[in-house]
Amino acid sequence: SDPTYQRSIVSRPELGRFPIVMSDVEWYEFVELTLADWLEQVEGASQKANPLFRWETGEAWAYRRTAYRSMAQLLKSREPSRLAAAEDMLKQVYAIEPLE
């Protein structure tokens with residue numbers, strides 16, 4: 001990747017939507033951190049309703065499911081020797097989702 005390439009995102013609305021500029025490497029690290037954080041939290045988040053996100057109990061599993069799958073695939077394709085496990089980890093975590 002081009003070390004001079006910059007990506008720009010904005011912060012969450014409640015934080016003021018200020019711009020966040022990062023290098024390509026930093027962006028991929030942000031994606032990795034975001035995915036890992038959600039995989040660590042999704043089971044617990046699903047165990048109760050969340051009025052902020054308007055989830056009922058169990059609905060956290062569906063939150064951005066496709067986006068998280070895409071993140072895992074992106075990371076795997078970006079750095080397969082280190083991040084191929086991202087897709088496997090996603091599958092393992094989502095395999096414990098109750099079927100009801």
Side-chain angles (χ1 to χ4, degrees):
S1 73
D2 180 353
T4 63
Y5 185 77
Q6 300 265 297
R7 295 179 182 259
S8 181
I9 59 175
V10 294
S11 70
R12 296 175 57 112
E14 65 270 24
L15 299 176
R17 297 195 56 79
F18 59 87
I20 302 170
V21 178
M22 58 186 86
S23 71
D24 202 43
V25 170
E26 290 168 328
W27 185 80
Y28 279 101
E29 289 173 350
F30 176 73
V31 171
E32 181 180 354
L33 176 65
T34 301
L35 176 61
D37 184 54
W38 181 245
L39 292 178
E40 192 172 273
Q41 292 184 47
V42 65
E43 183 180 12
S46 72
Q47 293 176 359
K48 60 184 177 187
N50 184 322
L52 178 65
F53 288 98
R54 298 182 180 151
W55 294 335
E56 296 300 326
T57 301
E59 291 181 348
W61 290 105
Y63 179 70
R64 296 184 177 168
R65 181 191 307 261
T66 303
Y68 289 114
R69 186 180 309 117
S70 295
M71 287 179 187
Q73 292 167 348
L74 174 74
L75 293 170
K76 180 180 177 179
S77 68
R78 165 89 173 164
E79 198 176 331
S81 63
R82 188 173 75 80
L83 296 172
E87 198 169 32
D88 294 335
M89 291 168 54
L90 181 128
K91 289 176 185 175
Q92 289 171 4
V93 168
Y94 277 85
I96 63 174
E97 177 183 5
L99 297 176
E100 319 174 340

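What you see is a predicted model; the values in this text were computed from it and never measured.
The two residues Glu43 and Gln47 make their nearest non-hydrogen contact at O-CG, 3.3 Å. Taking every heavy atom of both residues into account, Ala45 and Trp55 meet most closely at CB-CZ3, 4.2 Å. In this structure, Arg17 and Ser11 approach most closely via the heavy-atom pair N-OG, 3.1 Å. Closest non-hydrogen pair, Ala86 versus Leu35, comes out as CB-CD2, 4.1 Å.
Separation of atoms NZ (Lys91) and CD (Glu87) is listed at 4.5 Å; rounding is to 0.5 Å. Between the OH atom of Tyr94 and the CZ atom of Arg65 there is a distance of 6.0 Å, given to the nearest 0.5 Å. To the nearest 0.5 Å, atoms CG (Leu83) and CG (Asp88) are separated by 11.5 Å.
Between Glu32 and Arg78, none of the side-chain N atoms (NZ, or NE/NH1/NH2) sits under 4.0 Å from a carboxylate O, so this pair counts as no salt bridge.
Two residues are said to be in side-chain contact when any heavy atoms from C-beta on lie closer than 4.5 Å; Trp27 and Ile20 fail this criterion. Side-chain contact between Glu79 and Tyr28 is absent, with no heavy atoms from C-beta onward closer than 4.5 Å. Looking at Arg64 and Met71, their side chains never come closer than 4.5 Å, going by heavy atoms from C-beta outward.
No more than 12 heavy atoms of other residues, nucleotides or ligands shown are found within 6.0 angstrom of CD on Glu40.
Below 30°, between 30° and 60°, or above 60°: for Tyr68 and Tyr63 the angle between ring planes is between 30° and 60°, a tilted geometry.
Transitive grouping of hydrophobic side chains (ILVMFWY, heavy atoms separated by less than 4.5 Å) keeps Leu15 and Val21 in distinct clusters. Following chains of ILVMFWY side-chain contacts shorter than 4.5 Å, one can reach Leu75 starting from Ile9, so the two form part of one hydrophobic cluster. Criterion: ILVMFWY side-chain heavy atoms under 4.5 Å apart, direct or through other members. Under it, Leu52 and Trp61 are part of a common hydrophobic cluster. Connection of Leu90 to Leu33 is not established within any shared hydrophobic cluster, with ILVMFWY side chains joined at heavy-atom distances below 4.5 Å, either directly or through further cluster members.
No side-chain donor-acceptor contact under 3.5 Å links Ser46 to the backbone of Gly58.
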